[in-house]
Amino acid sequence: MSVKRNKPIIELNKVTKSFGTFQALKGVDATIFEGEFFSLLGPSGCGKTTLLRMIAGFEEATSGTIVIGGKLMTGIPANKRPTNMVFQSYAIFPHLSVGDNVGYGLKTRKLPKAEIAAEVEKALKMVDLGGFSDRAAHELSGGQRQRVALARALVMRPKVILLDEPLSALDKKLRDQMQVELRNLQRSIGITFILVTHDQEEALIMSDRIAVMFEGEIAQLASPEELYRHPVSHRVASFIGVMNFLKATTTVADDQEITLNIPSLGTVSVPASYMPAGMDADTVKTIGIRPEMLTILFDDADKSTCRVEGTVTSTMYYGDMTYYSVKLSDHDDDVTISMRNTAGRSIVPAGGLVQVGWGVESIVLFK
Amino acid sequence: MVNKEGRQGLTLISPTLLYALLMLAAPLAMVVTFSFWTQDYLEVNTTLTLNNYREAWSQPLYRVLIARSLSISLIVTFVTVILAFPIAYYLSFKVTRRKSLWLFLITVPFWTSYLLRVFLWKVILGYNGVLNTAFLELGFITEPLTFLLYNANAVVLTLAHAWAPFAILPIFVALEKIDRSLLEAAEDLGDGPLRRFFRITLPLAMPGVIAAILIVMIPTVGDFITPKLVGGTDGLMIANMIQIQFGKANNAPLGAALAVTSMVIVAAISIVIFLTGKRLGGRVK
């Protein structure tokens, strides 16, 4: 599934930001396209919120430029930018009703009262809060506040809606539900969304593209699938999901194939196309395999699958899944294997000897 | 039924409660009772009567004094709150470091007694005072100004200065409580600084403003030191008359009736201000 590449809506050119001697952003380059659901993902302190606030106009860039809808934003304050923000705290005005909260920006635009009321109701319906206009702000639940904050941004019909960890205050069930709703809403109205989150799962579920940020820099910018399958570094790989790392060295390499010596798995040949850009055969030091790409083979397994023997060191039972820690060899740390629990298959206890199946196609090369 | 925690609470507050009852409620009850009695030269006639109130409400002198007390106090309140707001705003929004030092400095005037501060204004505003001397030396005037001291303006000036910290602090606290993301949200939705101030900052600071108004207005209506020292004859207020009734005039019941009357009026005004503020301002949750 490829993203429709529309016109660029936001262009970030070598954007930096310093607070005193601390460099929050070290030159960020990115282009965000019209109608895209774009996520800034990273641990706290990586600069993702700073970047979002700079797009919104709450912070000035120390150097570099931000262009929104073809217009240079340098020196343009937040109230004159074609963006609207959904704040982490929702920032619902406590002294105003739900309707007045949502209609706040339209009132500034000096629209007639009747028109404001109609637009507000329309926006509230969009977030499933039709008829809530007269409620007081403090009567709302957390999830409802979040919806009001979203409606307040939607009603402005901005070019871009900025969301600063909008779901982090909700409980897990509500969050899962809102992730789907937000995604569907964004698809149906086609406004560009930029989401800041530290939750990799949330980013994977919702985004068209994700920029993974560490220490003020974009480490990788790619689609969720690309990011998960082909992380460019150890750090990205372990931030997005779980990754098993195994030591490896290149023995032979040519245009077609790279042959690796992987102490825990044996000698493995992978197609040369697996080599990430900017790396050559000599620099391969480890390989990565996702937990779900490893399987514990039972008697009924296909005999042709590549396999290696290991010892179960611990198990974690999740109901639908079981996570095994398995020692493959003395050369590497225990690997994690996730297995879907099926009827009639018992859990292998710690200490048990198992055959671990793996496939060449699931190998990712790292420095 | 009082549970264990409730009993503990009662035990804890009972000394204060007892003190408040003895020192506040009892004198208040006495004043109210007195206002229905009559002074017969050296003795007090305890027959209940409304004569004191009749006199208090019909005599033009008392009406003038009450009206003047109210107007001076309202002007003082207005001036104080208007001047205190920018200071509180600056403290809350612009001072990022050493906020507590600033707050501490604001309380410095309290280090000297109230009386001393009033006297200082006398020194500044007097015939041979600081202002007049300075203006004479600089050649702005040829003879000392006499309208500075001993009138209602001097009372307003002195009281506004004395009560400023009481106005600054509650407004400061209200401003501190405003979630800064609300201000960003307002800006994000298109408001410039001025519109944002009137739509978000001011309504949300309203509880503090109302508190400041009440804190300044209520005591200044009844102030008698300042008008006595800097007020002259047309700066005298109702409290001075109450003092005279209790003292020189030896008519405590009339004094009590005047006190109760001004108390009722102040209470009524306070309620009106409180309710207006509630409507104007934000329900802050």
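Protein chains get the first letters and strands the later ones, always in sequence-line order, with residue 1 at the start of each. Both backbone and side-chain heavy atoms feed into the values below; hydrogens, waters and symmetry mates do not.
Only the side chain of A:R53 comes within contact range of chain B, with at least one heavy atom under 4.5 Å from a heavy atom of that chain. For chain B, the nearby part of A:I92 is the backbone; its heavy atoms alone come within less than 4.5 Å. Residue B:D179 touches chain A through its side chain alone, counting heavy-atom pairs closer than 4.5 Å.
No more than 12 heavy atoms of other residues, nucleotides or ligands sit less than 6.0 Å from atom CZ of A:R157. For B:F274, the CZ atom counts as loosely surrounded, since its 6.0 Å shell holds 12 or fewer non-hydrogen atoms of other residues, nucleotides or ligands.
Atom-to-atom distance recorded for B:R195:CZ and A:K107:NZ is 8.0 Å, nearest 0.5 angstrom. Taking CG from A:N79 and CG from B:D191, the interatomic distance works out to 7.5 Å, rounded to the nearest 0.5 Å.
Among A:A153, A:A78, A:P158, the residue making the largest number of heavy-atom pairs under 4.5 Å with chain B is A:A78.
Under the 3.5 Å distance criterion, the side-chain polar atoms of B:D188 are matched with a main-chain donor or acceptor of A:M85. Between the side chain of B:R199 and the backbone N or O of A:Y104, at least one donor-acceptor pair lies under 3.5 Å.
Residues B:L182 and A:P94 are in side-chain contact: their nearest non-hydrogen atoms beyond the backbone lie under 4.5 Å apart.
Heavy-atom minimum distance, B:L204 versus A:H95: CD2-ND1, 3.5 Å. Considering all non-hydrogen atoms of both residues, B:E184 and A:F58 come closest at O-CZ, 3.3 Å.
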